[in-house]
Each structure stands twice: as C-alpha cells, then as structure tokens.
Amino acid sequence: MATDKSIGKSLAEIIEVRKDKLKQLRELGINPYPYEYKRSHFCNDIINNYTDIKEKVVVKVAGRLSSIRQMGRANFADIQDSSGKIQVFLQEKKLGNLGYKLFKLLDLGDIIGVAGTVTETRTGQITIFAEELTILSKSLRPLPVVKEKDGKVYDAFKDKEQRYRQRYLDLIVNPESKNVFETRSRLTQWTRDFLNNRGYLEVETPILQPLYGGASATPFKTHYNALNREFFLRIADELYLKRLIIGGFDKVYEISKNFRNEGVDRTHNPEFTALEFYETYVDYNYMMDFVEDLFHNLCERLGKSIFHYDEHEIDISQPFQRKTMFELLEEYTGLNLKEADEDEMKNACESKGIKTESTDHYGNYIEYLFDRFVEPNLIQPTFVMDYPKAISPLAKIKRDGSDRIVERFELFIGAKEFANAFSELNDPIDQEERLRTQERLGAEGDAEAQTYDKDFITAMEYGMPPTGGVGVGIDRMTMLFTNQSSIRDVLLFPQMKY
RNA sequence: GCCCUGGUAGCUUAGUUGGUAGAGCAGCGGCCUCUUAAGCCGACGGUCACAGGUUCGAAUCCUGUCCAGGGCACCA
C-alpha cells in the first residue's frame, strides 16, 4: 500500500492540475460543488424506455463521468449512475460558450448533471444529446482507468489490497463487485421476509456484554469507564435471545455482528454477521426443515439453484442430506463408534493417526475424527445430526436416552459449516451443571470452554419452554449465493492491518 | 503464530545468467464534428514497498521490516 509519503511526483501533479481546473471553474463563476440537482431519470431507465422517451422529453441525469472521447468539436462521454451508464453527446453549439468551457475543464471521475434529449447515434447507440451541462462535484484524484470492449475488460482494477482498503474505488469501477453487495443486501432482506412471514419478531440484544457466552470463542475485551469494569464484545447473542424466549416471545431473531478474537483467513473475519433465531415448542427436526426451506426460498428468489463455492458445484435446490455424526464417521472411517466409550474413542483417533492431548475428552475425539475424515467430504448440502454433549453445552440430551449425545445439527455445504442448531436445553439444573463443567474446563486451560453465566441460569430457573434455535452465518451464506470463495469479497470493509 | 508467493508511474504491466527501468491507459500540449479499449503527433511522469548487506555495478542476489494473497493452526 502506497502511503502519501511514497506517492510519486506525478500523482501530485495530476492533483495540482485538477485543483487548477477547480480554480478556473470558480473564475468562470461556476460553483464546482453545488447543493442539488433535480434529475428526471436514471441511466438505465432511459435505455429501457427509449421508445417512449425518444426525442420527446428533456431528460436530466446525474452521475460520474466515466469516459470521454473527443473528436474535434464532437465529444462523446459516458455518465455512470447507480443504475448503469449512458452515452452523452456534447458540442459547443448546443452547450454554449460557457457550457463548453466547463466541459473542457472536466476530468474522468467528476460528478456531473446532463440535460438533453435522447436519440440514437449513427451507430444506433442510445445517447443523450446534451443541451445543458452542470458540474456537481469536482474530483481531485484520478480513478483507476478501466477500459472495456464487447464485455471484455481491459486494465481492470484488480489489486486486492487496494480494492479492500479503498472499497469505494472497487465499487465505482468493478460492477461485478457492486453486484455482490447488492445481492448480499437482498439476501438478508429476503431472510428477514422469510422469518417475518412466519411470525418472527426481530430484536436487538447487547453487543457490549459483561460476560461472553453462547459459543466457544476468544472474545475482544474492552473497558467500560463509567462502571470501571471489563466488558466483552459479544461472540454470540444466544443467551440473550433465550432470555427473550423465557420472557414469552414465541419466535425471535436477530441479524447482527459477532466478534471473535481469532485468526483472519479466507472464511473468517474478526467481525462477522450471524443470524440467530429461536422458536418455542419445536425441536431440531423442525428446525432442519425450516433451514432447508430458508435456503430453498433464497434460491428461488435469486432464480438460481447451482452455485460455485471454491472449486465445487453445488445444487441448493435439491433436498438436503440428513445423516447422524456416527453414520458419517462410519461412512468415512469405516469405524462404528456408536457404542464406543472415551478410551475406545481415543484409540480410534490414534489408530487413524490423530494426535491427542492429555486434556482431551470424548467430545474432542469425535470432533477430531469428524473434522479430519468427514467434513472435507460434505460438499452438497448435508445436515449432520447428533453431536457429543461434551462440545455442546447448550443442547438438550438426545431423546433416546443416550447421555453422551445431544440433539444438535450443523449444516455443511462445500465442506464449510453454514448453520448450527439445537433442541435447546431448557432444564436449568442440567444447564447449570454443563456450564459449571465448561467453567472447570476453562480453568484447566481449555480455550474453547464456555463461561458460566449465573444470570442466564437464573432466567432459565423461571422456566423456559421447549425451544428450537438456529445460528446461520450470513457472510458464508452470501459467499455461497454470490459464488465468492473469500469472505473479504462479501464484506464491504474487510479487516486489514494498519 | 508458522510456511509459501508477491509488492515496478494514478491504473494495468515488461524487465533475460546482476550492467543502472520499457510500454499501454490516464494526465499535459497539438490535430480531428458520430466515437465507444476512438485515432494520430509530441513532451512529461519511477527512491523498482522500506532498511541494511554483497558487488566496480542491484528492480534482479542475501538479511531484516512492513503490507497483501494463498496454505497450516484456531475458529464460523
């Protein structure tokens, strides 16, 4: 990344030239930064309604000057707004002396307004023949220059670092990037629609929390001066949403940022967006149907069913596979571990070449085997059901009576986790024991152990209805539905070092 | 945190076993009244990420630092 110090002389010169043009505009009595412009059309509206508009009305468009082609006294330019681009034809005899002087002082990147009638050029291109030109904002820095012919882009602005650090430039010159973010916004809106239509209530719960919980992760810490107390940026909103279920709401959800003080990579950003939703009197089987419906619904609204995630082609419109963790372990390791105890599970790990640690327990062993042998194979949408209790302290014991397994599922697509859900534990005594166990594991050095939240236990002691709950990673969902393989390409401002 | 790869003009880039940086676009000055990667002519524009080192000589080789991308670990 070039710093101002290292920017060469030539950029400084370009900026000086533009500042000089700014001065010249002011000397002509033109305000280069006026207050408003009443536009009549977006560029694409003109192109789409050309036959109605043709030569009949004066249109006024506003946007960024993105290309200029000068032929003596005939000038063509492209103006780009949020809808797209349209060509403008400019000549002195229409613009007048002052208007033409203004035109000559324009640079690529300037924000301008153009008024004129619409007709076709000799080559058949829909074009505004400018009668009036207005500068709306003078640009002082040169934009990346991107050329295009027949849909092929030349000199594309593709430096990843600069695209992330100066996302606005990326959005101006890379329409496909802008499209990803527009799609992201639609996906979250459609997700809200889906939940709202089913009677869900959208809520907001604290991001600044006195205690972090609801997930296994390292938090960001901060200090609240007024209370002279350590606070945490939330790693999940689960425990607050459950308090609302206890409070009598039947169906609640929240779409909001979580923060985890962990590594950054292609699928992780320290702040990321999660959807969590909870519904009373349902279990994880109901929630599996629900999640599948949600994904199918998003597919439908996008009008697509095949997506590309990493090198995989994924069909979201098909029914999702549903398999238990033990079924999958047997499928991919050949070992039937359903009845295995902790020692046998440990042996299974070692027989498969997995190194274990002295602090590991039954749950870890299953996790290791699953992560190594099963997860990489879960390409098409698959619900993995029934996780070890030891790594699922907020989920209810499996109803068949097994004490080691809980009713939990995760949705895997493209070998990545997309959703995590439980038949929520609502037995306050069991919950207290499980969080106490987590607290003890944490004290023994287990970095993934969850915290003991007394206030949450108190809430549960008042009685929590049977509830199904789900968390969905919105960033990953966006990656899937926009065919992006890096989380940075679905975050407007991904985390960067400074 | 570790490993690999990379960083050359505002943008996109070339640069051979080390010989002292070349182009296109943009910008600047000309020419041009239907172009659209407009074209033609001309002159500009570079501390080759940063700092050391080796060498007669470094964009190039070595070391360190910064930043990025990818991978590992951790996680979603």
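Chain naming here is simple, since letters A, B, ... match the order of the sequence lines and numbering starts at 1 in each. Note that these values count all heavy atoms, side chains included, but never hydrogens, waters or copies made by symmetry.
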Sequence neighbours left out, what pairs pass salt bridge (charged side-chain N to carboxylate O under 4.0 Å, His left out) with at least one residue falling in residues 72-99 of chain A?
A/Arg69-A/Asp78

Just N and O in the side chain of A/Arg122: are any of them under 4.0 Å from OP1 or OP2 of B/U33?
no

In Å, rounded to the nearest 0.5 Å, how long is the span from CG of A/Leu90 to CZ of A/Phe129?
10.0 Å

It should be established whether A/Gln162 places a side-chain nitrogen or oxygen under 4.0 Å from OP1 or OP2 of nucleotide B/A68.
no

Verify the distance criterion only: is there a donor paired with an acceptor across the side chains of A/Tyr212 and A/Asn258 at less than 3.5 Å?
no

So for atom NZ, which belongs to A/Lys104, do other residues, nucleotides or ligands contribute more than 12 heavy atoms lying within a distance under 6.0 Å?
yes

Minimum-distance nucleotide (side-chain atoms of A/Gln87 versus B/U35, B/A26, B/C74):
B/U35

Any donor-acceptor pair, under 3.5 Å, between the side chain of A/Arg73 and the base of B/U33, if you only look at N and O atoms?
no

Cation-pi geometry met for A/Arg165 and A/Tyr498 (6.0 Å, 45°)
yes

Closest to the side chain of A/Ile14, out of B/C28, B/A68, B/A26, is B/A26

Taking pairs as Watson-Crick (N1-N3 plus N6-O4 or O6-N4) or G-U wobble (N1-O2 and O6-N3), each distance under 3.5 Å, the stems of three or more consecutive pairs with RNA chain B are B:1-7 with B:66-72, B:10-13 with B:22-25, B:28-31 with B:39-42, B:49-53 with B:61-65

Does A/Ser10 place a side-chain N or O at less than 4.0 Å from the phosphate oxygens OP1/OP2 of B/A9?
no

Taking the six-membered ring for Trp, does A/Phe76 stack with B/A38 (centroid gap under 5.5 Å, planes within less than 30°)?
no

With respect to the phosphate group of B/G71, does any side-chain polar atom (N or O) of A/Arg266 fall under 4.0 Å of OP1 or OP2?
yes

May I ask you to evaluate whether A/Lys21 reaches the phosphate of B/C28, defined as a side-chain N or O under 4.0 Å from OP1 or OP2?
yes

Taken to the nearest 0.5 Å, the spacing of A/Leu195 CG from A/Phe290 CZ works out to 5.0 Å

So that I can tick it off, tell me whether A/Asp170 and A/Lys178 are bridged by a salt bridge, with the cut-off set at under 4.0 angstrom between side-chain N and carboxylate O.
no

Taking the nucleotide of RNA chain B with the closest heavy atom to each, which residue, A/Lys416 or A/Tyr498, is nearer the 5' end?
A/Tyr498

Electrostatic pair A/Asp289-A/Arg322, nearest N-O below 4.0 angstrom:
yes

Expected output is a numbered-order residue list: members of residues 151-160 of chain A with a heavy atom under 4.0 Å from any atom of RNA chain B. What is it?
A/Tyr154, A/Asp155, A/Ala156, A/Phe157, A/Lys158, A/Asp159

On RNA chain B, does the nearest nucleotide to A/Val146 precede the nearest nucleotide to A/Asp107 from the 5' side, or the other way round? Give the residue.
A/Val146

With a cut-off of less than 4.0 Å, is there a side-chain N or O of A/Arg163 near OP1 or OP2 of B/C11?
no

For the CZ atom of A/Arg234 and the CG atom of A/Leu211, what is their distance to the nearest 0.5 Å?
14.5 Å

